[in-house]
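Contents: one structure, followed by commentary.
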Amino acid sequence: MTVKQLGENALKVKTFLAQVSSEDKNKALEAIAQALISNKEKIISANKIDLENGKNAGLNAGLLDRLMLDSDRIDGIADGVRQVAVLNDPCNKVLSEYKKDNGLLIKKITVPIGVIGIIYEARPNVTADAAALCLKSANAVILRGGKEAINSNTAIAEIMRNAVETAGFPKDVIQLVQDTSRASANEMMTLNGYLDCLIPRGGKNLIKSVVENSTVPVIETGSGNCHIYVDDGADIEMAANIIFNAKTQRISVCNACESLVIHSGIIDKALPVIKASLDEKNVEIRGDERAQKACPGIIPASDEDFYTEYLDYIISVKTVDSLEEAIEHINTHSTGHSEAIITNNEKNAEVFLNCIDSSSVYVNASTRFTDGGEFGLGAEIGISTQKLHARGPMGLEQLTSAKYLIYGNGQIR
């Protein structure tokens, strides 16, 4: 089936979705969650094929980790679907209400965006997360995953389509593009008249391609060159613990720390402690000249390292002489995702919060918290690094638009 045919199918279910109740949406989500758990063996079997193909294709450890599904991860995916079900329905909320002198009543309410397309890479959990969020927000969804996860995605999508049908929904509220060639992605980017919005989730090259080539509206979700700045007033033990968590707890995610920035006044004391912690996971540290002098075992960093999202056991280190220099370095090299400062200086913390131009900015905490679930949104559709419509973790509210309802009794102008 062509991408255009999927678009035609999606348009046919918009009227159904515009009228479906919150109760019915929640029943369909529960049916999805139960079906995912009941079909674990089918999903894991399909995922094993993808993992084997990925290993043969030379995928790195980070991408293989993103790709891998096991019983616990499928339980987590199903739990995420159930979390979406218990969230408040984002549709038909009254945003404003105004009655004119002539008797016209004007209401502004939230409505579904309509048909949402999602292009993503080797993360089969996105298939379920995105479908759940789109269903709860009454949007039809067309999913286009990467070739690395096609068997996993096909299994999950088929299970979900069958589940929603048992709950009385048309199967085509959820659709998966089977063609993983570049041509199908290009077709989605120009599917005007069918797609109301396109969301890319993946590496910077995918996102760059979608943003530059799409003629349909795009919500840009960014790659994560996330920074942690160790201020000269930092608690060194706290810094080492936070950096260890942010870098190594899961290397394949966009909210993992990829870049350290350390004040020159503390680097001689702090960097050896931080390195000793990262050595537990054999993290390769690439630093500037002052970082190399402060701590043995650090290899030289190139200019490109300071822009790089590694998704691997590698981290860069930049030495600065002031908070202002740290802020300038981060804003120059960041992808606008998540940054943190480790400090006991409240004034410096406030300056950092105000001046860092990213979607999520932390004081004395790991960047790993940038996540829809951690922010109370349930599952997320992605982390938006743009500034229009949505920014940061995107949950249900960000998958709605608005329209005006005007009630009259014969008024003319």
Side-chain angles (χ1 to χ4, degrees), residues 3 6-7 10 59 62-63 66-67 113-134 137 139-150 152-153 157 174-192 194-226 252-256 307-309 311 334-338 358-360 370-372 377 379-395 398-399 401:
V3 172
L6 298 179
L59 294 186
L63 288 176
R66 285 188 173 193
L67 179 58
I113 290 174
V115 180
I116 295 176
I118 303 173
I119 299 178
Y120 53 106
E121 294 177 330
R123 296 189 66 174
N125 64 294
V126 174
T127 304
D129 290 349
L133 285 165
C134 287
S137 55
N139 292 290
V141 65
I142 299 175
L143 302 158
R144 194 274 187 191
K147 63 182 180 181
E148 301 86 357
I150 185 58
S152 307
N153 291 338
I174 301 168
Q175 297 184 91
L176 178 73
V177 179
Q178 294 290 332
D179 178 8
T180 60
S181 69
R182 182 170 294 182
S184 68
N186 291 339
E187 192 173 355
M188 286 187 72
M189 296 179 206
T190 57
L191 206 60
N192 299 76
Y194 300 94
L195 281 186
D196 294 294
C197 176
L198 184 59
I199 303 173
R201 287 191 63 171
K204 64 179 180 181
N205 290 333
L206 168 66
I207 295 163
K208 183 173 184 287
S209 176
V210 173
V211 170
E212 292 181 352
N213 296 300
S214 289
T215 57
V216 298
V218 173
I219 297 178
E220 183 177 355
T221 63
S223 55
N225 182 21
C226 302
S252 63
V253 290
C254 60
N255 57 20
Y307 289 97
T308 301
E309 180 188 30
L311 302 176
S334 170
T335 54
H337 195 295
S338 301
S358 293
S359 72
S360 300
T370 304
D371 174 84
L377 305 179
E380 70 186 28
I381 207 81
I383 309 290
S384 172
T385 55
Q386 64 179 26
K387 298 183 181 180
L388 296 178
H389 176 69
R391 196 179 193 197
M394 294 175 57
Q398 289 74 35
L399 295 180
S401 183

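Keep in mind that this is a model prediction, so the values were computed, not measured.
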> Can you find a heavy atom in the side chain of Val216 that is under 4.5 Å from one in the side chain of Thr190?
Replying inline: no

> Can you tell me how far the CD1 atom of Ile113 sits from the SG atom of Cys134, to the nearest 0.5 Å?
Replying inline: 8.0 Å

> Under the salt bridge (Lys or Arg N to Asp or Glu O under 4.0 Å) test, which residues partner Lys208, sequence neighbours left out?
Replying inline: Glu212

> With a 4.5 Å limit on heavy-atom distance, are the side chains of Asp371 and Pro393 in contact?
Replying inline: no

> Are the side chain of Asn225 and the backbone of Thr335 linked by a donor-acceptor contact shorter than 3.5 Å?
Replying inline: no

>> For the CZ atom of Arg391 and the CD atom of Gln398, what is their distance to the nearest 0.5 Å?
In response: 13.0 Å

> Hey, what do you get for CD1 (Ile383) to NE2 (His337), rounding to the nearest 0.5 Å?
Replying inline: 4.5 Å

Name each donor-acceptor pair under 3.5 Å that joins a side chain in residues 117-126 to protein atoms two or more places apart or in another chain, with its distance.
unit_1 : atom_1 : unit_2 : atom_2 : d
Tyr120 : OH     : Thr127 : OG1    : 2.6
Glu121 : OE1    : Gly203 : N      : 2.9
Asn125 : ND2    : Asp129 : OD2    : 3.4

>> Return the OG1 to CG distance between Thr215 and Asn192, rounded to the nearest 0.5 Å.
In response: 3.5 Å

> Are the side chain of Asp196 and the backbone of Val115 linked by a donor-acceptor contact shorter than 3.5 Å?
Replying inline: yes

> With a 4.5 Å limit on heavy-atom distance, are the side chains of Asp179 and Val3 in contact?
Replying inline: no

> Which value, rounded to the nearest 0.5 Å, describes the distance between Tyr194 atom OH and Glu187 atom CD?
Replying inline: 10.0 Å

>> Measuring only between side-chain heavy atoms, which start at C-beta, is Ile116 closer than 4.5 Å to Leu399?
In response: yes

>> Any non-hydrogen side-chain atom of Leu63 less than 4.5 Å from a side-chain atom of Glu148?
In response: no

> Side-chain donor-acceptor pair under 3.5 Å between Ser338 and Asn255, yes or no?
Replying inline: no

>> Is the shortest side-chain heavy-atom distance between Met394 and Ile199 below 4.5 Å?
In response: yes

> Can you tell me how far the CG atom of Leu6 sits from the CE atom of Met188, to the nearest 0.5 Å?
Replying inline: 8.5 Å

>> Using modelled atom types and a 3.5 Å cut-off, is there a donor and acceptor pairing between side-chain atoms of Ser214 and backbone atoms of Val211?
In response: no

> Is Ser137 reaching over with its side chain to a backbone N or O of Leu133, donor-acceptor style, under 3.5 angstrom?
Replying inline: yes

> Just wondering, do Gln175 and Val177 contact through their side chains at under 4.5 Å, heavy atoms?
Replying inline: no

>> Run Cys197 and Val218 through side-chain contact (heavy atoms from CB on, under 4.5 Å) and show every step you take.
In response: CA-CA 6 Å; Cys197 176; Val218 173; over 6 Å; no

